[in-house]
Amino acid sequence: MPVTDHLDITAFEAPALGEPYLLTPGPLTTAYAVKQAMLRDWGSWDGDFRALTATMRRQLLAMVGDDEGNFDCVPIQGSGSFCVEAMLGSFVPRDGKLLVLANGAYGLRAAQTMRYLGRACTLIDKGDYLPPRAADVVAALQADPAITHVLAIHCETSSGILNPVAEISQAVYGLGRKLLIDSMSAFGALPVEVGTLRYEAIVSSANKCIEGVPGFGFVIARKSELAAAEGRSHSLSLDVHAQWAAMEKTGQWRFTPPTHIVAAFVEALRLHEAEGGVVARGARYARNRDVLVAGMREAGFETLLPDEWLSPIIVTFFCPAHPNFAFDRFYGLMKDKGFIIYPGKLTVVDSFRVGCIGHMDEHVMRRVVAAAKQSLVEMGVPSAAPPALALDERARLVA
Ligand SMILES: *Cc1c(COP(=O)(O)O)cnc(C)c1O
């Protein structure tokens, strides 16, 4: 197994020991060096680990271009949803009201979280794949002066749609409200610099575009909002203010930190920087997507979304209409060829998803396309064309 101490972007090594590539939006395929970074035990209170945590916070903050020192980064134990819950419970006041812009599972989950918190929440639900636009936001905010905060999903990972967060931010601040962003699956690959995109807090996790392993996430928030969040959280362990205050004071996490995962993440951050940061990471994923989409279309598959809304994170394809096609069989044939794909999450028509993120490049994506074509042959599916219903659905989007 090759062990590299530098990133050679022309040679993305295959996953270790015959593991399949994970074409999934996290957990995803990680570099060998990231896995290797977990082969050491750390004392959570020890100076070496505190230094690791400090480095990580600094590097994440640098990624949002906070030149004036107005923001801070607070890591939180748990998966991404824990961090979304921590953000909502800490930044939406108990007497505040949140507008959730939903167009898929993650927006709906955020609204469900607010119901658990018992805090006021209203929803714009655009269905499976229509983007929330500035005009929708303006209308909702004008109709309801009680709304204090808006939550936008940056890339809605359930369809792969890239939501227009810049125009949403302008609409939110134009009407004097505050924006929170779930950038879970986009942070690290798409720009979220505070100088060009206004928000109060943004959340992401270790196992998406930074290419770490799962186990914690982080909230990057305006310091004034962090200070104002004192005493607001519904939860001891998900209190962003308390975690921030303790970390500022002691350099330590409040409760047992996922030490190995942090060490792996710091290595992943080093590789991210060596590759060329957010711009280069985003460009590699965009090439992954372009090669994937072109190849799959050539094979007869159709994407759910028109090009304008295709993210470089994950792409949804319609399942072929041919009666010999069965997703479970297709999944198994792809896995046999070394690729784990992802079932779709649409309500109206059958679909599947292929992730473009993780430690892999366009050469891998060419092999994914070849594997998909070969799998169709093995299933006896001569055409990958989707059912007419799927194309009707999509036509509504473009209209
Ligand atoms: C991955 C993801 C989450 C968090 O999901 P977990 O399974 O809890 O890690 C939240 N929002 C979006 C948009 C995501 O892609």
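We count ligands from 1, going down the list as the structure has it; atoms in each ligand are counted the same way.
Residues passing the side-chain hydrogen bond (donor to acceptor under 3.5 Å, both in side chains) test with R133, sequence neighbours excluded: E167. With sequence neighbours left out, T113 forms a side-chain hydrogen bond (donor to acceptor under 3.5 Å, both in side chains) with no residue at all. Applying the side-chain hydrogen bond (donor to acceptor under 3.5 Å, both in side chains) rule to E298 yields the partners K373; only residues at least two apart in sequence or on another chain are considered.
Within a 6.0 Å radius of CD in Q252, more than 12 heavy atoms belonging to other residues, nucleotides or ligands are found.
Comment: R270 engages E267 in a salt bridge, judged by a side-chain N to carboxylate O separation of less than 4.0 angstrom.
Listed by chain and number, residues touching ligand 1 at under 4.0 Å (heavy atoms only) are S79, G80, S81, Y106, R109, I153, C155, T157, D182, M184, S185, K208.
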Taking it one step at a time, do R40 and D48 satisfy salt bridge (Lys or Arg N to Asp or Glu O under 4.0 Å)?
-> CA-CA 12 Å; R40 173 184 162 178; D48 292 348; 3.7 Å; yes
